[in-house]
Amino acid sequence: MDLSKLNPPQREAVVTLQGPLLVLAGAGSGKTRVITHRIVHLLNERPGHIMARNILAVTFTNKAATEMKERLVHMAGPRAQGVLVCTFHAFGAELLREDIHRLGWPRKFAIADMGDQLAIIRRAMRDHKIDDRSFDARKVLTLISKAKNSGKAPEPKPEGIGDDYDLITHMVYPDYQLALKAQGSVDFDDLLLLPTRLLREFPDLYEKYTRRFRYLLVDEFQDTNIAQLELLKLMAGEQRNVCAVGDDDQCIYSWRGAEVRNILDFDRFFPGGKEVRLEQNYRSVQTVLDAANAVIAKNPERKAKQMWTDRKGGPKVKVVGCPNDEEEARFVAHEIQKHISLGVPADEIAVLYRTNGQAHPVEEMLREKNIAYEVVGGSEFFDRREVKDVIAYFKVIVNKLDEISLMRIVNVPSRGIGDVTMERLNVHARGEGVTLWTVMRKADTYEDLPPGAGAKVLEFVQLIERYRDAYEHGQLAAVTRKLLEEIGFREATRAHATSATSADKKLKSVDGVLNSLENFEKREGPKASLLTYLNRLSLDTRQEEEEVPGGHRRVTLMTVHSSKGLEYRLVFFIGMEEDLMPHGGMQGEPQNLEEERRLCYVGITRAKELLYLTRANTRVKRGKEVPRTPSRFLEDLPPEVVEKVDLDAPRQGPPTTEEKNFFANLKERFKKPGAPGAGPPRGAAG
DNA sequence: CGGGTCCCGAACTCA
DNA sequence: TCGGGACCCG
């Protein structure tokens, strides 16, 4: 491998193999290069001594893991297949898959998604006579997750401390944890916490895993939480060959428990290690980097880094003010069209936003102009009712203890098993101290059920058990097709829809599930099972990539969060307004300005050549048009690298030639007849 | 008792 | 804009 292509700090990060190493990798500093080279170097350095299976590389997303693995195999050949590259959560799941039974969970445990979590919390709240409408279960879930991640036991707090939510959380937490275990499930936090427990409590497991994984590498270290750090410290063993790569300026997941201190205090957690700083940015032109540096400079408590580039100059950052969100979208679509026609490949263009909802107007305009695009994330698909229902069938078939899913589908489609029936059966289950499923299997022996209900319940039980068997032996997609056919799922879905178009959409989503099953089977081959499918679903929220005819390149739309680690020649960062960027406080939490600033920094640094920062004067929110004020971050930009474009305000002085061209290109948008708010905006020079 | 309809309230970033 | 809950009817 050729190390001469690396700059000195990069080289140092690659060849420092023993002991703790913190690599502070600024945006665009060739981080991925360093990581992959380092792993290949490990494999080359002491052949026969360091095997691929001794290396664990942890990434932030599954996508990053897949790409890194591909790169490794490309660089080092098939032997790199043995390197384990995955997310912390996937690693935790893998470890639990082997040894969770030591803690009393079934080996075939399920991973509870957010819907499951909320349902359990709501039920626990109701058990405590807490009205789940006056108190938000999501908030409780957030608090429980925080408590779990900071290592707090599910103990009630002493009286008089905290507010209502603290109180509720401490009442609900123990129930929540018990209910999860009772239905053989773990939540996302458990995927980190339970492996830690296993390594702490069972010396043989500590031995087993620390001997196998002797070289650890963690990417995006700034976004790890306390639980992940604890797990990492254990996995590091006595040798502590831990390489952490990250950038404190890009810590954007503190709402999920990410702890900037993990990177700031790395030396405290892994004393005696080395620190390397990568400060040369290979990605962006000077103007973009200047804008980014100016925004992030205002944050206190940073590891002082001075990012620089030798790509001097570059086009100015365009700060565009628009009358409203629709015009903003129109502008973005128009500019995209222009740049594509000038030869910029569509997949080198990205539209970034703070919240998923901002994508809609842009999508509409792009569709109108026939510009191919893809929306990343926005787990929309698996949030759809029909999809959730089908998934719930899978969950029950795999795990009859999953009462949340069971209750969800027992009467979907309607089969005459109503609330009263299930309530009575629940009472029996509790009275006899057995599971709901056990009671349902002998539903015909209870006399207090509505007439005919017992027989219907039995029929349902037999249906599920029959399909449990069918899935063991048949193809996932084929069996599912048969199941949906037998229960009349499509007909019921169609009947349930309010219009023909919505029925179409719903049926398409059902097809989507079948497609995703088929793809899964293709990928996994014979080891594909319903259980592995469900697990992959919870760990990897990526949507199935749609087949694009002719492999056309597409513009990418995504949140700033999803854009972490990616780069594009052309970036539109939209909605640069107060309350959006920086975003207002979430779920009663105070606004975290420092994090919003980092988020802004991440967004800006995605751009390689040209950056647009757009904002609107009014925006439709909850069906109402509300006035907006420009983001304070815009004021931090150095004037000399910025070109202001106001499509909404009278301009001062004569337009520059560049502006004239700019507006000439915009003329087309006023030709559109009947467009709401059409007509030249005040003072537009066109 | 079960199923359909209507109305009201909330919506943020993700493994 | 959508989903959940209350309410009413068969």
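All values reported here derive from a predicted model rather than from experimental measurement. Residue numbering restarts at 1 for every chain, and letters A, B, ... go by the order of the sequence lines.
In terms of the side chain to side chain contact (heavy atoms under 4.5 Å, CB included) criterion, residue partners of A:Met422 (sequence neighbours excluded) are, by chain and number, A:Met407, A:Val410, A:Ile417, A:Leu425, A:Leu436, A:Met440. Under the side chain to side chain donor-acceptor pair (under 3.5 Å) criterion, A:Asp249 pairs with A:Arg302, A:Lys305, sequence neighbours left out.
In this structure, CD1 of A:Ile111 is placed 15 Å from C1' of B:dC14, rounded to the nearest angstrom. At whole-Å resolution of the value, CG in A:Leu141 and C1' in B:dA15 are 13 Å apart. Rounding to whole angstrom units, CG of residue A:Leu231 and C1' of B:dA15 are separated by 14 Å. Computed from coordinates, the A:Asn62 CG to B:dA15 C1' distance equals 8 Å when rounded to whole Å. Atom pair A:Arg415:CZ and B:dG3:P shows a separation of 11 Å (rounding to whole Å applied). The CG atom of A:Leu193 sits 18 Å away from the P atom of B:dA15 (whole-angstrom rounding). Atom CD in A:Glu595 sits about 13 Å away from atom C1' in B:dC14, given to the nearest Å. One interatomic measurement links the two molecules: CE of A:Met114 to C1' of B:dA11, which rounds to 12 Å at whole-angstrom precision.
We find that A:Glu594 and A:Lys298 are not joined by a salt bridge, their nearest charged nitrogen and carboxylate oxygen being 4.0 Å or further apart.
Other residues, nucleotides and ligands place more than 12 heavy atoms under 6.0 Å from the CD atom of A:Glu578. Within a 6.0 Å sphere centred on CD of A:Glu524, heavy atoms belonging to other residues, nucleotides or ligands number more than 12.
Regarding contacts with the backbone of B:dA15, every side-chain N or O of A:Arg536 stays at 4.0 angstrom or more from both OP1 and OP2. Note on A:Thr559: a side-chain N or O is less than 4.0 Å away from OP1 or OP2 of B:dC14. Taking 4.0 angstrom as the limit, A:Ser538 places none of its side-chain polar atoms (N or O) nearer than this to OP1 or OP2 of B:dA15. Put simply, A:Asn225 has no side-chain N or O that comes within less than 4.0 Å of OP1 or OP2 on B:dA15. A:Thr61 has no side-chain polar atom (N or O) that falls below the 4.0 Å cut-off from OP1 or OP2 of B:dC14.
Of the candidate nucleotides B:dG4, B:dA15, B:dC14, B:dG4 has the atom lying nearest to any side-chain atom of A:Ser414. Across B:dC14, B:dA15, B:dC1, the shortest atom-to-atom separation from the side chain of A:Arg424 is found for B:dC1. The side chain of A:Tyr253 sits closest to B:dC14 out of B:dA15, B:dG3, B:dC14. Between B:dG3, B:dC14, B:dA15, one nucleotide has an atom nearer to the side chain of A:Phe188 than all others, and that is B:dA15. Closest to the side chain of A:Val420, out of B:dC14, B:dC1, B:dG4, is B:dC1. Of the candidates B:dG3, B:dC14, B:dA15, B:dA15 carries the atom nearest the A:His89 side chain, counting heavy atoms from C-beta on.
Residue order along DNA chain B, read from the 5' end via each residue's closest nucleotide, puts A:Ile417 first among A:Ile417 and A:Glu596.
Residue contacts shown for A:Phe60 are limited to sugar-phosphate atoms, with no base heavy atom under 4.0 Å away.
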